[in-house]
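Structure record follows, encoded as structure tokens.
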2 protein chains.
Amino acid sequence: MPDRVPRAEPEALPRWRRRKDARPQEIVAAAMDIFAERGFAAAKLEEVAARAGVSKGTLYLYFPSKDELFKAVIRAAILPNLEQAEALAAAAAGPCFPVLERLLRMVAHLVATTRAATIPRLVIAEAGNFPDLAAFYHREVIRRGFGVLASLLQRGIASGEFRPVAVDSTVRLIVAPLLMSAVWRTSFDGLDGEPPLDVPALVETHIDNLRRVLLRDAGETTP
Amino acid sequence: MPDRVPRAEPEALPRWRRRKDARPQEIVAAAMDIFAERGFAAAKLEEVAARAGVSKGTLYLYFPSKDELFKAVIRAAILPNLEQAEALAAAAAGPCFPVLERLLRMVAHLVATTRAATIPRLVIAEAGNFPDLAAFYHREVIRRGFGVLASLLQRGIASGEFRPVAVDSTVRLIVAPLLMSAVWRTSFDGLDGEPPLDVPALVETHIDNLRRVLLRDAGETTP
DNA sequence: TCTTCATAACTGACCAGTCAGTTATTAACA
DNA sequence: TGTTAATAACTGACTGGTCAGTTATGAAGA
């Protein structure tokens with residue numbers, strides 16, 4: 001029987017392409033999705049590979065282990081935002097409170113709208129099992145983030161704009177609601193039929209409160 | 001050879017005893033330890049059994065699955081404290097702020113000193129994989145805890161003691177630092193050589209801030 | 001004696017990580 | 001401008017280990 005069957009069109013698309021430099025980002029993006037959905041332990045690399053349009057073996061051409069892939073995901077999601085925040089705080093002159101406001105609204109926006117909001121949850125969940133990951137996150141993210149706020153507070157106190165508050169405790173009190181919002185959105189939001197967490201409202205209330213707490217003139221009616 | 005060898009002393013401890021009613025608590029306590037150390041996914045039931053001084057099969061005489069054991073752990077750690085908080089809030093008459101102070105110090109003490117502090121971390125970590133666990137926790141713990149604070153705030157606002165704050169946002173802003181402390185202590189504390197989180201100092205600052213935020217007379221110099 | 005509580009050896013599913021082989025791409029040469 | 005040899009990117013079946021859950025057996029207690 002001669003080969004008369006019209007062979008599926010001339011094109012013959014290749015089964016795959018070599019794309020050495022696009023792969024890592026694509027894999028990291030896919031891994032971010034899967035880790036966010038399942039958590040680290042329950043995430044299957046087969047699934048990450050499928051989402052990235054690649055085979056499991058390929059993951060191991062670019063990342064030596066599941067752990068290292070996890071770290072790459074965290075780096076990719078956090079570091080750009082952290083650098084932006086540092087730049088914002090460093091560039092500003094004049095009164096500190098408006099800078100603080102801008103920082104809080106920026107983070108709130110990230111928390112409310114981006115996938116990066118799942119990172120804290122993932123790190124919290126796995127900190128016990130990956131001490132070096134916890135140390136990395138503590139050193140590269142938390143310490144730096146706290147540093148930005150702490151120096152802003154110190155500047156405000158020195159200039160007389162702020163009351164002389166306890167800096168370390170206050171930094172934590174500023175950050176906690178944002179962190180909790182990030183965790184909440186990715187753990188409990190949309191349960192039962194509760195209304196979803198209103199991040200903007202929370203942040204505006206938080207900023208109002210901080211005005212009362214930090215500024216020397218108690219906020220509502222300056223004399 | 002007749003059986004003349006003096007058999008290892010009269011005692012002959014039984015290899016095991018039947019202790020139907022003591023077992024469940026012992027197993028739950030052991031599971032709490034292991035889950036706290038490893039997280040849910042990485043915790044091995046073999047290890048839980050060993051810590052409880054029992055075999056793995058025995059776990060299944062009392063709990064149908066790892067999931068159900070997890071839920072039992074959460075119930076045992078949280079519900080008594082929650083009931084205590086509800087009682088404290090319900091019994092109090094007179095001004096609301098002192099009640100709020102007592103509640104916060106009580107929770108802070110739990111966070112700083114008990115194993116129950118690891119529960120939020122565990123639930124946060126596994127919420128995605130166990131939607132029904134998340135729903136259970138949301139319904140039985142979070143909603144009830146929020147309810148206690150919300151009605152306290154409402155009473156304070158109604159009586160004129162508190163400013164008319166946004167209740168829902170404020171409840172979250174009150175809780176967030178405590179939650180973050182619990183998570184922090186069980187994820188990052190003792191890293192690098194940082195000093196450990198000073199929970200009492202944090203809570204006292206928090207209470208001072210809340211005084212400024214909630215009370216009508218701005219807190220520092222009562223007339 | 002018979003029932004209940006407990007054991008420990010066992011099973012089966014699952015999955016991170018490996019590797020022998022396949023295919024796209026490029027370089028060298030006609 | 002083809003043809004071919006060499007290489008680097010990629011695949012997917014396989015392995016070894018782990019662990020939740022099961023079960024055959026036996027000891028304790030009534």
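Just so it is clear, the model here is predicted, and its values are computed rather than measured. Both backbone and side-chain heavy atoms feed into the values below; hydrogens, waters and symmetry mates do not.
Within the 4.0 Å cut-off from OP1 or OP2 of dA9(D), not a single side-chain nitrogen or oxygen of R23(A) is found. Phosphate proximity of dC10(D) to Y62(A): present, with a side-chain N or O under 4.0 Å from OP1 or OP2. For the OP1/OP2 pair of dC15(C) and a distance below 4.0 Å, the side-chain nitrogens and oxygens of K44(A) include at least one atom meeting the criterion. Put simply, S55(A) has a side-chain N or O that comes within less than 4.0 Å of OP1 or OP2 on dT11(D).
Between L69(A) atom CG and dG17(C) atom P the separation is 10 Å, expressed in whole Å. Across the protein-nucleic acid pair, R17(A) atom CZ and dT26(C) atom C1' stand 15 Å apart, rounded to whole Å. E26(B) places its CD atom 14 Å from the C1' atom of dC5(C), with the value rounded to the nearest Å. Nucleotide dT22(D) holds its P atom 15 Å from the NZ atom of K66(B), rounded to whole Å. Spacing between atom CG of L61(B) and atom C1' of dT4(C) amounts to 10 Å, rounded to whole angstrom units. Nucleotide dT11(D) holds its C1' atom 13 Å from the CD1 atom of I27(A), rounded to whole Å. If you measure from atom CZ of F63(A) to atom P of dT18(C), you get 16 Å, rounded to the nearest angstrom. Separating the CG atom of L59(B) from the C1' atom of dT23(D) is a distance of 16 Å, rounded to the nearest angstrom.
For R121(A) and W184(A), the positive end is not near the middle of the six-membered ring at less than 6.0 Å and at most 45° from its axis. For R75(A) and F136(A), the positive end sits near the middle of the six-membered ring, less than 6.0 Å away and at most 45° from its axis.
Listed here is the closest heavy atom pair of A92(A) and V99(A): CB-CG2, 3.3 Å.
Across all strands shown, L45(B) has heavy atoms under 4.0 Å from sugar-phosphate atoms exclusively, and none from any base. Within the nucleic acid shown, A43(A) comes within 4.0 Å of sugar-phosphate atoms alone, with no base atom in reach, counting heavy atoms only.
Mapping G57(A) and E46(A) onto DNA chain C by nearest heavy atom places E46(A) at the nucleotide closer to the 5' end.
Separating the CG atom in L110(A) from the CG atom in L178(A) is a distance of 10.0 Å, to the nearest 0.5 Å.
Distance from the side chain of Y60(A) is smallest for dG17(C) among the nucleotides dT7(C), dG21(D), dG17(C). Nearest nucleotide to the side chain of K56(A), out of dG21(D), dA16(C), dC10(D): dA16(C).
Contact annotation: the side chain of T170(B) approaches that of L214(B) to within less than 4.5 Å [non-hydrogen atoms, C-beta and beyond].
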